[in-house]
Amino acid sequence: GTGLVGLILAGLFAAAMSTMDSGINGVTSVIVYDWLSGRSLSVRTSRIVTSMLGVLVIAARLLAPVFGDTVIGVITGIAGSSLGMLLAVYFLGLLVPRANLKGSLIGFAAGLVCLAVVWICTDIPTWWFGLFTIVPTFVVGWLASLGITRPLSRLIGTTEQLATGNLDVSISSENRADELGDLAKALVVFRDQGRQAKVREEEQESLRKEATQQRETAVQTMADTVEA
């Protein structure tokens, strides 16, 4: 009996350690290859990342009783709290061609707000939380992505017109306080410099024509004088 119990406990510990190991490896892969673009990390940075992951794992363990009193309760609480928003972000990237990182993060934040409201203000079981977060996360992420990509599309069209020499084009989004505003300001500077260069070229062309006309007049006057 004791030997069998020990064998079962050893199997449970091995399964738990295997799950934790694969989870930490997965998070590490996301950090290194997605967030850091595969850059080589120094030993100090690796230790910092490892320590942060360890702290997060410990914090998750301490917060586990909040999600439920049993293993099934904890699993359904975590799944209900997170999988709805993750599924919404997945569908956002799959179904919305203009989806982008900033729009997805805004939608995820909206999902977190809805999750907090449902969690605090209702007695709905935790496994239903995903139903209340997937729709606002997807809709808000979609609208936020459209709000970002439409000005960007206009700026791309403006850039193409400037490249063809149209210096009379109007530039929108100049007053925005984000990266699109910075891009619009740079296009304004480029357009104004192009206009100044065009004015200088016109002035130089006018001077060349005037000089040519003066030379022709001088030659004609000299010829008339010789003939006289």
Closest non-hydrogen contact found for Asn100 with Gly103 is OD1-N, 2.8 Å
Are Val135 and Leu105 joined in one hydrophobic group, where the rule is that I, L, V, M, F, W and Y side chains link up if heavy atoms are under 4.5 Å apart?
no
Smallest heavy-atom separation, Ile134 atom then Ala88 atom, equals O-CB, 3.3 Å
Check your understanding: Leu115, Val117: one ILVMFWY side-chain cluster at the under-4.5 Å cut-off?
Key -> no
Residues at least two apart in sequence or cross-chain that pass salt bridge (charged side-chain N to carboxylate O under 4.0 Å, His left out) with Glu205, listed by chain then number, are Arg208
Identify whether Phe132 and Val113 are in the same connected component of the hydrophobic contact network (ILVMFWY, side-chain heavy atoms under 4.5 Å). no
Apart from Leu207 itself, its cluster of hydrophobic side chains linked below 4.5 Å comprises none
Apart from Ile58 itself, members of its ILVMFWY cluster (side-chain separation under 4.5 Å) are Leu62
Distance col, row Leu53:CG vs Ile48:CD1, nearest 0.5 angstrom, shows 12.0 Å
Please tell me whether Leu101 and Leu86 are part of a single hydrophobic cluster in this structure, the criterion being side-chain heavy atoms less than 4.5 Å apart. no
Exercise. Evaluate the side-chain proximity of Met85 to Val89: yes if any heavy-atom separation is below 4.5 Å, no if none is.
Key: no
Q. Quick one: do Phe108 and Leu131 end up in the same hydrophobic cluster if we chain Ile, Leu, Val, Met, Phe, Trp and Tyr together by side-chain heavy atoms under 4.5 Å apart?
A. yes
The side-chain hydrogen bond (donor to acceptor under 3.5 Å, both in side chains) partners of Thr212 (sequence neighbours excluded) come to Arg215
The side-chain contact (heavy atoms from CB on, under 4.5 Å) partners of Val96 (sequence neighbours excluded) come to Leu92, Ala99, Phe138, Trp142
Residues passing the side-chain contact (heavy atoms from CB on, under 4.5 Å) test with Ser206, sequence neighbours excluded, are none
